[in-house]
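Whatever order the structure lists ligands and atoms in, that order sets their numbers, starting from 1.
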Amino acid sequence: MTYRSPRAAVLTGLGSWLPPDTVTNADLEATLDTNDAWIRSRTGIANRHRVSPGMSTSDLAVEAGLRALKSARSDQADAVVLATSTPDELCPATAPDVASRIGLPGVAAFDVSAVCAGFVYGLATAAGLIATGVAERVLLIGAEAFTTLVDPADRTTAAIFGDGAGAVVLRAGDPDEPGALISLVLGSDGGGSELLTVPAGGARRREPTEHHSRYLTMQGREIFRFAVRHMTSACRTAAEQTGWPLSDIDRLVAHQANARISNALGDALGVPPESRASNIEHVGNTASASIPLLLDEDNASGALTEGQRVLITAFGGGLAWGAATLVWPSLTSVA
Ligand code: UT7
């Protein structure tokens, strides 16, 4: 869809938070049949963060959300949208608790579930709330305690996933101003739902069985291929709808799933390595938190600067994917 509304959703603040506990490749070597060389060469990851016992998704979301509001220089929002695939409980949604703890009791608050594509789906949701006049300002948070889904004995998923949260504030504004979301592209393919799934614990199978784990199962190779194909296609569509030749992209901000996936995507789009945002080495794959974490880090370091043409894309379980474009605004990063 090309996103056309006189009331655009304009990025006006951002923030992020990582839990202090870390898991290095050396830590994984101590408990699993794996090694630093394999993990670095096959994924680009050296370190991930992990929630400590008793800490959960809402705790990460509150920290990131407060920083985003501070960055936006306002403690107000009319809606809190939480993109997560690790809600604190299966029911109810985690967003209302986050909204109350952030000091926004009474506002609209709900979760968006699209695994690693959750933040891009959340952008579209926030844009819709603003376009329809339901909200003037939306706090969109991507937060994951994804390591709680990972089987500690599974060397493949344990090497990839980490925890964290990132958040943005979007306000109603002019479609032509910096920070306005320009194009939003979303897609899904339920035919691939088995490729990344937590088989037990949901409504279909409440209890784990010998064949149905309560942990994440992933067919990495197939996911890899789909990820490159669908993110490439979504990026082409979003850039075309925006009227930007791919050679005009200043910053490609792709979901951090695997450095090899991001490189294959950048190569397919012809975006040079220096224009590809990356932080996977020290945070791993944080699912729906990955893009806002990366945006905040790039903004703080000066890699993202006012006026740059930014192309965002994500892919994950579902299968679900998406892409978005915007011209980067001037934003304050909050430590
Ligand atoms: O965020 C969206 C959701 N997830 C993704 O996007 C993940 C996408 N997929 C990937 O990132 C990659 O497929 C993986 C990193 C998961 C795996 O890399 P790969 O190059 O596709 O490896 P593979 O699955 O083809 O496995 C190659 C070998 C296997 O051993 P054999 O069967 O050849 O003996 C694996 O058992 O590597 C083995 N292996 C490992 N070895 C050491 C898998 N994980 C590890 C490990 N350490 N951690």
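For R251, the CZ atom counts as densely surrounded, since its 6.0 Å shell holds more than 12 non-hydrogen atoms of other residues, nucleotides or ligands. Other residues, nucleotides and ligands place more than 12 heavy atoms under 6.0 Å from the CD atom of E177. Applying the 6.0 Å contact sphere to CD of E207 captures no more than 12 heavy atoms from other residues, nucleotides or ligands.
One option in D154, N25, I223 has a heavy atom closer to atom 5 (C) of ligand 1 than any other, and that option is I223. Nearest to atom 27 (C) of ligand 1 by heavy-atom distance, out of R221, E29, Q219, is R221.
Given atom 47 (N) of ligand 1, the protein heavy atom at minimum distance is T34 OG1, 2.6 Å. The protein heavy atom nearest to atom 11 (O) of ligand 1 is N258 ND2, 2.7 Å. Among protein heavy atoms, atom 17 (C) of ligand 1 sits closest to W38 CH2, 4.0 Å. The protein atom (non-hydrogen) at minimum distance from atom 29 (C) of ligand 1 is R155 NH2, 4.5 Å. Nearest protein heavy-atom neighbour of atom 2 (C) of ligand 1: C116 SG, 3.5 Å. Residue, atom and distance of the protein heavy atom nearest to atom 3 (C) of ligand 1 are L196 CD1, 3.4 Å.
Ligand-side atoms of ligand 1 in range of R260: 18 (O), 20 (O), range being under 4.0 angstrom from any heavy atom. For ligand 1, the atoms closer than 4.0 angstrom to any heavy atom of M218 are 4 (N), 7 (C), 16 (C). Ligand-side atoms of ligand 1 in range of A257: 1 (O), 6 (O), range being under 4.0 angstrom from any heavy atom. Under a 4.0 Å criterion applied to the non-hydrogen atoms of G220, ligand 1 contributes the atoms 8 (C), 9 (N), 13 (O). Residue N285 has at least one heavy-atom neighbour below 4.0 Å for each of these atoms of ligand 1: 1 (O), 2 (C). When each atom of ligand 1 is checked for a heavy atom of F315 under 4.0 Å away, the hits are 2 (C). Ligand-side atoms of ligand 1 in range of I160: 15 (C), 16 (C), range being under 4.0 angstrom from any heavy atom. Ligand 1 places these atoms under 4.0 Å from at least one heavy atom of R42: 20 (O).
Contacts of L32 with ligand 1, taken as heavy-atom pairs under 4.0 Å, are absent altogether. Under 4.0 angstrom from ligand 1, the non-hydrogen atoms of I261 all belong to its side chain.
Below 3.5 Å of separation, one finds no N or O of F224 facing any N or O of ligand 1. Residue T156 has at least one nitrogen or oxygen atom sitting less than 3.5 Å from a nitrogen or oxygen atom of ligand 1, judged on distance alone. Where the criterion is an N or O separation shorter than 3.5 Å, residue side chain and backbone included, T43 fails it with respect to ligand 1.
Between T86 and F146, the closest heavy-atom pair is CG2-CA, 3.9 Å. Taking every heavy atom of both residues into account, A323 and V120 meet most closely at N-CG1, 3.7 Å. In terms of heavy-atom proximity, R50 sits nearest to D163 at CA-OD2, 3.3 Å.
For the side chain to side chain contact (heavy atoms under 4.5 Å, CB included) with V81, the lone residue among D111, L170, V112 that qualifies is V112.
Once rounded to the nearest 0.5 Å, the distance linking CG of L293 with NE2 of H282 reads 8.5 Å.
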Problem - Residue pair V253, L311: steps toward the side chain to side chain contact (heavy atoms under 4.5 Å, CB included) verdict - result: CA-CA 6 Å; V253 181; L311 176 55; over 6 Å; no
Practice task
Determine, stepwise, if the pair D88 / S56 fulfils side chain to side chain donor-acceptor pair (under 3.5 Å).
Solution key: CA-CA 6 Å; D88 284 4; S56 189; 2.6 Å; yes
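Side-chain contact annotation: D189 with W321, donor-acceptor N/O pair under 3.5 Å absent. Donor-acceptor pairing under 3.5 Å is recorded for the side chains of T157 and D154.
Contact check on E136 versus R7 returns a salt bridge, with a Lys/Arg side-chain nitrogen under 4.0 Å from an Asp/Glu carboxylate oxygen.
Per-atom contact check: atom 8 (C) of ligand 1 touches the protein, criterion being a heavy-atom distance below 4.0 Å. Checking atom 36 (O) of ligand 1 against the protein gives a heavy-atom contact under 4.0 Å. Of the protein's heavy atoms, none falls inside 4.0 Å of atom 33 (O) of ligand 1.
Looking at heavy atoms from C-beta onward, L60 lies in side-chain contact with M55 at the 4.5 angstrom threshold.
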